[in-house]
Amino acid sequence: MDVLAHYLEIEWQAPGVARRVEVSTYPIEIEISPDGRLNAEISIFRDFAPWVGLQLAGALAGVEPCTINAENERLPWLQVSDGKDRTWWIPETGWSKAGNKHVSEMHRSFGSFSVELGPRQKLVLDAVALELDRAHAQEYLDDFRDEFVWLAIGRPSGALGEVGSDNSRDLLDALKGFTDAASRVLEHPAREIREVTGVVATARVRPNSETFRAVMRRPGARSYPGRTAQESADIPENRYLRGLVEHCRRLARSLTRSSGHHQAHLAARATREKSRAANLLAVERVEVDPEIFDNQLSDMRKRLDAIATWAASSVAPEPGERQYRFTVGKEFKGDGGAAKEFFYRNPDRDDRYDEREGISFSVARLPEDLHDLVIAASRFDKDICLELTGNAVITTFRTVNGKLGRRATFTHISNALPHSPVLVRRETARSRYERNGWHRPIGRTEREEYRLEANTALTRAGHFAERVEGSAIVSSELNVVANSLDQQDAAWEHLGVVSSSKFPLGMRFFQVPIYAAALAAYHKVSELEERTGLSGDVLDRLGRINTLHASALYERWCLIKIIGILMQDFGFKPHGGWVQHLVSSISQAGQPNDAGFSLSFTRIHPSMTARFDVEPKLANGRRPDFRLRFTVGAAPVSKSDGERVWGRRRSTVRDVTRPQSGLVMDAKFRTRWKPDELPSMLRLLVDTKKYGQDGDRVFILQPAKAAIAHRTSPLSWSRDCDYGQEHPTGHAHGSIQLAADPISGAASLTNLRRLIALQLQQVFPEPEVGEVRDGNGDGNNERWSNTTENCRSNATFCITCGEGHEPADVKPDRTERGNRKWYYSCSRCGTGTMQTRCFGCGTFLHKNGLQMTYHLTVADQISNVVCFECGAGF
């Protein structure tokens, strides 16, 4: 592309002349529409107005851009230089004498701006307002840097892992060693004797040219300038040592800040868990959200009304019609290609008649569109009753296994009337809730569920508090080291020693013990930097990232949060060299579509791999921001002797490698959304850009609170998140709120954990069933009393802390319809989850408690989930 766009902050010297130009770290993304026009989205900020700067190359190198205003007037752009041999085109606006600057009008106006780039090319700039100021943008940047540094030095051992980090403690010890060694040099720095010119007594003067000039000006004076000797510490060895001190001071400050950030994050999580436990234990009555209740009630009525109004478009009643009344059962799966049918039961028919005739079951065949409406209604009420007026042909048939069945084929229907016992009960419940102020007391089973979840929260709070204590020690000691290095740097400044990164040619670092000790201590620091990936100019490159491009900064912040959750919450370990790869990709300021890269993560128990693609290129050429895919199966395990083997620790799960569809996430930085703008954006990604073309889920990450207009879930995330929980979305697409602001930042990370957990639980394989037979006997006379099922092997882990589930943590059971379900209990944090099956379609459903459940749940009974595939529930 011959057009490159960046945000610019310009300090003006005179009209058309810039004194200083700061260029955004990341370019503005430019897309090509089907008609060939270029489109870019720019942001309007609250308290600062960066310019949009264009660089033109190739066929557009000689073009002078101009804006076409509403009156079709051509407004030429202005060319400025950034002082680095680069020139930028910016919109030329009037000069403000009061402010001594040009005013960027484009960043104070809503709407679209058309920029003409020569006779054949146009660029459309869409201005979007952001309720964002510099401090808020800086918060995202600081959080990004601190999280990045901590992930680099931290050990990926799960959210409730061991206190502290090997790398952070090793770096602390190495920095302490260097500080002590460098301080010994500062106590006795090497000096050189230099000849300088100074004022001395006349009797002791050693004349030079300055002396003769002074004598001519002041004959007979008591002192004159002359040659004298002076000791100086400003030698190459000390300059290099000061450079090492500055480097270690910068590293210590960065580690102190990131450690303090991590400590505050853990402390906040501990506080939230304690508060949540206290609230759960105090619950006696729960509030029922009338909006959610009425939305779910309205959905039921719509499905029933669709049946009742279906017959209105049919032909007039025929002679001989009669009324049929029956309850609707499950769909009947007959011969392949046969018409749709469902089981039914006639409550008015004597069952003894069917027994005499040998009829085992009855099925009804309705017109296909009416059949679909009836099945959709039966999903929320499995006891729905249907009254039909029309004509039906009653026949019998045999199935492939020889059972005799009755078939009622409706040839004509003039009226259909559904009756739903569930709807009646729900309407009665609504009247009761309305009388009681939309509150209800909790039952014994619910109280036990609240108690168990409260105990889990207290356990997690204890783990977090323990880690806070360890992190506080590291942070405090790092701060002491950083202060000591600050003092050393000031002392070298006082001695007049400048900083240098050039290694001296002399032998002092090899022959003088205190200098050799300082260099050896620095090498230990450098080795650890290499091991963590923070070596070289990594911190400098992170420091050069600015806040001018808030949307791109938000994307990088989301990137590091996803990586953090994979490593710290779900226990995945990144492959070596990920820090350097990530830094080189996120700190470059090239073309936006040239920055795609992938990171790989693994965990051993259970054996899984995660592939995290940043700006992957899809088959249609589109580039979403992120794509995350998990694969369950055998993973390589490194033994101590270096041998590579395949297997899993403490498990007998079959080695099955199963690639799965992934989770596509696109970051959209909006601090507010217009009505229907968020759903429209999601439809654009799904239907137009085809982000889910490979079967991937598509979700938007955005920072605005309360962005969900039509709420359907009674859970805490309903105003901020849409997990695609409603049928027929099937968790295929939606949006979640994710922000760094103090109000929702820490809590909103749970939204992202819940989304990734959704993908993980759809990937986890079902455990392998074993049998245990209980009995007693002696010798060859054994009498077995019964057989029970257990979990033989398992390949899942806790979605709250990342601890692998052992077979003993997994208990099998059966649903009312005989389907197998599983109870998972985490041995570390106590989190309990249940995997069951939908009674309608058999789809796996997961009950993850009040905090991590992402399915749709019933408004007044949130432990009852609704199937995302068929809509069955209530």
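None of these values were measured; they are calculated from a predicted model.
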Checklist line | Neighbour count above 12 (heavy atom, 6.0 Å) for Lys340 NZ | finding: yes
Checklist line | Pair Ser863, Gln861: side-chain N/O donor-acceptor within cut-off below 3.5 Å | finding: yes
Notebook entry, point to check: How long is the gap from NE2 on His733 to CZ on Phe699, to the nearest 0.5 Å?
Noted result: 8.5 Å
Next item on the list: Any chance you could measure Asp720, atom CG, to Ile708, atom CD1, to the nearest 0.5 Å?
Entry: 7.5 Å
Next item on the list: Kindly assign one of parallel, tilted or perpendicular to the pair Phe572 and Phe630, based on the angle between their ring planes and the thresholds 30° and 60°.
Entry: tilted
Notebook entry, point to check: Does the Arg379 side chain pair with the main chain of Cys870, one donor and one acceptor, at a distance under 3.5 Å?
Noted result: yes
Item checked: Between Gln702 and Ser735: side-chain donor-acceptor atoms closer than 3.5 Å -> no
Check: Hey, are Glu427 and Arg430 close enough for a salt bridge, meaning a charged N less than 4.0 Å from a carboxylate O?
Finding: no
Next item on the list: Examine the side chains of His605 and Glu806 and answer whether a donor and an acceptor come within less than 3.5 Å of each other.
Entry: yes
Check: Roughly how far, to the nearest 0.5 Å, is CG of Asp666 from CG of Asp625?
Finding: 4.0 Å
Checklist line | Spatial distance of atom CZ (Arg611) from atom OG1 (Thr631) [nearest 0.5 Å] | finding: 9.5 Å
Margin query: Check whether Tyr723 forms a cation-pi arrangement with Arg754 (NZ or CZ under 6.0 Å from the six-membered ring centre, at most 45° off the ring normal).
Written below: no
Item checked: SB check Glu284 Arg447 (cutoff 4.0 Å) -> yes
Notebook entry, point to check: Going by atom types only, do Thr750 and Arg753 share a side-chain donor-acceptor pair under 3.5 Å?
Noted result: yes
Checklist line | Passing candidate, ring pair (Phe, Tyr, Trp, His ring centres under 6.0 Å) with His371, options Phe332, Tyr344, Phe342 | finding: Phe342
Item checked: N-O pairing of Glu446 and Arg440 below 4.0 Å -> yes
Next item on the list: Over 60° means perpendicular and under 30° means parallel, so classify the ring planes of Phe570 and Phe797, tilted if in between.
Entry: tilted
Check: Between Tyr824 and His805, how do the two ring planes meet: parallel, tilted or perpendicular, split at 30° and 60°?
Finding: tilted
Check: Is the closest side-chain donor-acceptor distance between Arg276 and Asn279 under 3.5 Å?
Finding: no
Next item on the list: Would you give the length of the straight line joining atom CD of Glu766 to atom CD of Glu768, rounded to the nearest 0.5 angstrom?
Entry: 10.5 Å
Next item on the list: State, without any angle test, whether Thr309 and Asp305 hold a side-chain donor-acceptor pair at a distance under 3.5 Å.
Entry: no
Note to self: Would you say Thr815 and Arg837 are linked by a side-chain donor-acceptor pair, where the criterion is simply a distance under 3.5 Å?
What the structure shows: no
Next item on the list: Would you check if Ile862 and Leu715 make a side-chain contact, meaning some heavy-atom pair closer than 4.5 Å?
Entry: yes
Notebook entry, point to check: For residues Ser680 and Arg683, is any side-chain donor paired with an opposing acceptor at under 3.5 Å?
Noted result: yes
Check: Gln759 and Arg629: side chain to side chain contact (heavy atoms under 4.5 Å, CB included), yes or no, with the steps?
Finding: CA-CA 8 Å; Gln759 180 65 23; Arg629 286 179 170 171; over 6 Å; no
Checklist line | Minimum heavy-atom distance Ser793-Cys791, with the two atoms named | finding: O-SG, 3.4 Å
Notebook entry, point to check: Atom CD of Gln296 and atom CG of Leu856: how far apart are they, to the nearest 0.5 Å?
Noted result: 5.5 Å
Checklist line | Parallel, tilted or perpendicular: rings of Trp557 and Tyr554 (30°, 60°) | finding: parallel
Next item on the list: Please determine if Arg303 and Asp381 form a salt bridge, counting it only when a charged side-chain N lies under 4.0 Å from a carboxylate O.
Entry: no
Note to self: Is it the case that the side chain of Ser298 and the backbone of Asp294 share a donor-acceptor pair, with hydrogens and angles ignored and the cut-off at 3.5 Å?
What the structure shows: no
Notebook entry, point to check: Is the backbone of Ile375 close enough, under 3.5 Å, to the side chain of Ser378 for a donor and an acceptor to pair up by distance?
Noted result: yes
